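Inspection log for the structure reproduced underneath, given as C-alpha cells.
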Protein chains: 2
Amino acid sequence: MARPRSFDPDDVLEIARQVFWRKGFQATSLDEITAASGIAKPSLYAAFGDKNALFLKVLDRYHDGILGWAERTLAQPGPARETIRQWLTGFIPYCSGEKGQHGCLSINSATDGSLDQAEVRRSIERYNRRLEELLRARLRADRAEFRKGFDPDITAHTIMVVHAGLLALAHQRPDSKQVKAVIDQVMGLLA
Amino acid sequence: MARPRSFDPDDVLEIARQVFWRKGFQATSLDEITAASGIAKPSLYAAFGDKNALFLKVLDRYHDGILGWAERTLAQPGPARETIRQWLTGFIPYCSGEKGQHGCLSINSATDGSLDQAEVRRSIERYNRRLEELLRARLRADRAEFRKGFDPDITAHTIMVVHAGLLALAHQRPDSKQVKAVIDQVMGLLA
DNA sequence: TGTATTCTGTACTTACAAGTACATAATGAA
DNA sequence: TTCATTATGTACTTGTAAGTACAGAATACA
C-alpha cells in the first residue's frame, strides 16, 4: 500500500558491478552509478544502504554467479582432469585479450588495500574456500584416476593459485593461446 | 648556492612505498605521506611532482629492487630447477602469514582499476616482461637438464602465473607450508 | 475518492583531498 | 655580511564525493 519501486534491484546490481569492475571500489563514485543506472542516490541508499553495503551486495552476487557455474561444470561426468580443464578453459575469455583487461572483480577486490572492510574480506574468503572445496571434492572422488601418492588437497590449492594468477595477469591482455598453453601444462600435474 | 634539501628523497620514497602498499593508490592521501615522512606537501611536490608521478617513482623503485634480486638469484650456479625453486621460495615470507597480508605492490597496482595511467601500466608490463625474460633465459640455457619436448618459454610463463597467483592469494595470509607445497608441486613441471 | 505509506528527484551539507600562494628560512658565493 | 637562490611551513583555494533533508509523486486499500 505504497509507491512501488521503479527499478529491479538486480538490474541495478548488475550495472553497479560493471562500474565497480571497471574502476575499482574507491575510484567509483555513486554519481557514476546513478548516471549509469538512471537511479538517483536516495533510491540507491534506500535500496542498498551506503556505498560499502552496495559493493558487498555486488560482490556477493558476483561470487554466487561464478560458484554456481563452477558447481555445474565440475559436476560433469568424465575424467576429473578433463572436467577441470574444461572449467579452467571457460575462464580464458576473461583471462585474455580485450575482454580480460579488467580481470576478476574478486581478485581485484582482494588485492585492493582500500577494501579492508571485514565483510568484504569474509566474502572473498568464503568464495575461495568454496571454490577450492569443489575442486578438492572432485579430485578426491576421482582419485583412482591418478598415480599413487597423488595429493588431491595440495593439487586443488595449486589450481586455485594458477586460477588466481591467470586472472591477475589478465590485465596485461595476454594472448588466449598463451593462457591455454599454461592451462594445458598445469593439467600435466593431474596424473 | 641555495638552501639544501632537508631529506633524502630515497628515504621518502621508501616511506611512501609502505603507505601506498598498505592502502593502495587511491585510498592513500598525500596528507598521510606527509604525516608518515614529516615532509610537507610543497616539498613533496617540488621533489617528486604530483601524486601520480610520486607513485610511479615508488613503483619503479619497487620493481628495480625485485628485479635486481631476481637477477642475482637466478644467476646462481646449479640445476635450473633448484635455482628457480630457491628464487620462488624467497617469496614465501611475502606470500604467507602476517607479512604477506598486503601482497605485492605491483600485482596490487596491476589489478587496481583506478590506476589506468599509461605510465603505470608500462612500468608493470616492463617489469613482468623482464622477470619472465630472466626465467626464460635460464630455462633455455639449462634446457639439457630437461626431458625432450620441454618448452622453456611456456614454462617460464607458467612460473610467472604461479608467482602472480601466490602473491594475489597472499592477502588471505595462507600458511607458509601450504605455499611451499604449491611451489614444490609446480617444480614438478621442470623435468 | 481520500489517505497512509513508500518511493523519487532536486538541491543541499559536510568532509576531505589535491594542489598552490606566499612569506620565511637556510644555504653558497661574492 | 649581503645577495641570489632554492627549500620549507602555514594556510589557503578548489574540486569532488558521500550522504541527506525535504517536497512532491505514485501506489494499495478503505
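Per chain, numbering begins at 1; letters A, B, ... match sequence-line order. Every heavy atom of this structure was used, including side-chain atoms; hydrogens, water molecules and symmetry mates were not. Note that the structure is a prediction, hence the values are computed from the model and not measured.
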Of residues 28-54 of chain A, the positions that come close to DNA chain D - non-hydrogen atoms, cut-off under 4.0 Å: A/T28, A/S29, A/L30, A/K41, A/P42, A/Y45, A/D50, A/K51

Contacts of type salt bridge (charged side-chain N to carboxylate O under 4.0 Å, His left out), residue A/K99, not counting sequence neighbours: none

Partner set under salt bridge (charged side-chain N to carboxylate O under 4.0 Å, His left out) for A/E133, not counting sequence neighbours: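 Result, salt bridge (charged side-chain N to carboxylate O under 4.0 Å, His left out) vs A/E133: none returned.
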
Would you mind writing out the side-chain donor-acceptor pairs for residues 87-94 of chain B within the sub-3.5 Å range, not counting sequence neighbours?
unit_1 : atom_1 : unit_2 : atom_2 : d
B/T89  : OG1    : B/R85  : O      : 2.6

Pair B/Q185-A/T155, side-chain donor/acceptor within less than 3.5 Å: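 The criterion, which ignores hydrogens and geometry beyond distance, is satisfied for A/T155 and B/Q185.
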
Partner residues of B/Q26 under the side chain to side chain donor-acceptor pair (under 3.5 Å) criterion, sequence neighbours left out: none

Residues which pass side chain to side chain donor-acceptor pair (under 3.5 Å) with B/K23, listed by chain and number, not counting sequence neighbours: B/E32

Test ring-ring contact (aromatic ring centres under 6.0 Å, His included) applied to B/F55 and B/F20, B/W21, B/F48, the passing residue: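 With B/F55 as partner, ring-ring contact (aromatic ring centres under 6.0 Å, His included) holds for just one option, B/F20.
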
Protein-nucleotides 27-30 of chain D N/O pairs under 3.5 Å:
unit_1 : atom_1 : unit_2 : atom_2 : d
D/dA28 : O4'    : A/M1   : N      : 3.4

Rounded distance [0.5 Å steps], CG in B/L54 versus CZ in B/F25: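 The CG atom of B/L54 sits 8.5 Å away from the CZ atom of B/F25.
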
Nearest atoms (heavy-atom pairs only) where B/P174 meets B/L169: CD-O, 3.6 Å

Donor-acceptor pairs under 3.5 Å, side chain of residues 110-120 of chain A to any protein atom, not counting sequence neighbours: which ones?
unit_1 : atom_1 : unit_2 : atom_2 : d
A/T111 : OG1    : A/I107 : O      : 3.1
A/T111 : OG1    : A/N108 : O      : 3.1
A/T111 : OG1    : B/T111 : OG1    : 2.4
A/D112 : OD1    : A/S114 : N      : 2.8
A/D112 : OD1    : A/S114 : OG     : 2.7
A/D112 : OD2    : A/S114 : OG     : 3.3
A/Q117 : NE2    : A/N52  : OD1    : 3.1

Short side-chain N/O contact from B/S6 to OP1 or OP2 of D/dA7, under 4.0 Å: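 Checking B/S6 against D/dA7: no side-chain N or O falls below 4.0 Å of OP1 or OP2.
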
First and last nucleotide of DNA chain C, 5' to 3', lying under 4.0 Å from heavy atoms of chain B: C/dA17 to C/dG28

Residues from residues 9-19 of chain A lying under 4.0 Å of DNA chain C - heavy atoms: none

Pairs satisfying salt bridge (charged side-chain N to carboxylate O under 4.0 Å, His left out), at least one member in residues 170-182 of chain A, at least two apart: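 As it turns out, the salt bridge (charged side-chain N to carboxylate O under 4.0 Å, His left out) pairs with a partner in residues 170-182 of chain A, which skip direct neighbours, are A/E98-A/R173, A/K180-A/D184.
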
Extract all donor-acceptor atom pairs below 3.5 Å that involve side chains of residues 58-69 of chain A and protein atoms in other chains or at least two apart in sequence.
unit_1 : atom_1 : unit_2 : atom_2 : d
A/D60  : OD1    : A/S123 : OG     : 2.7
A/R61  : NE     : A/D10  : OD1    : 2.9
A/R61  : NH1    : A/E14  : OE1    : 3.2
A/R61  : NH2    : A/D10  : OD2    : 3.4
A/R61  : NH2    : A/E14  : OE1    : 3.2
A/Y62  : OH     : A/L105 : N      : 3.2
A/H63  : ND1    : A/S123 : OG     : 3.0
A/H63  : NE2    : A/S106 : OG     : 2.9
A/W69  : NE1    : A/T73  : OG1    : 3.4

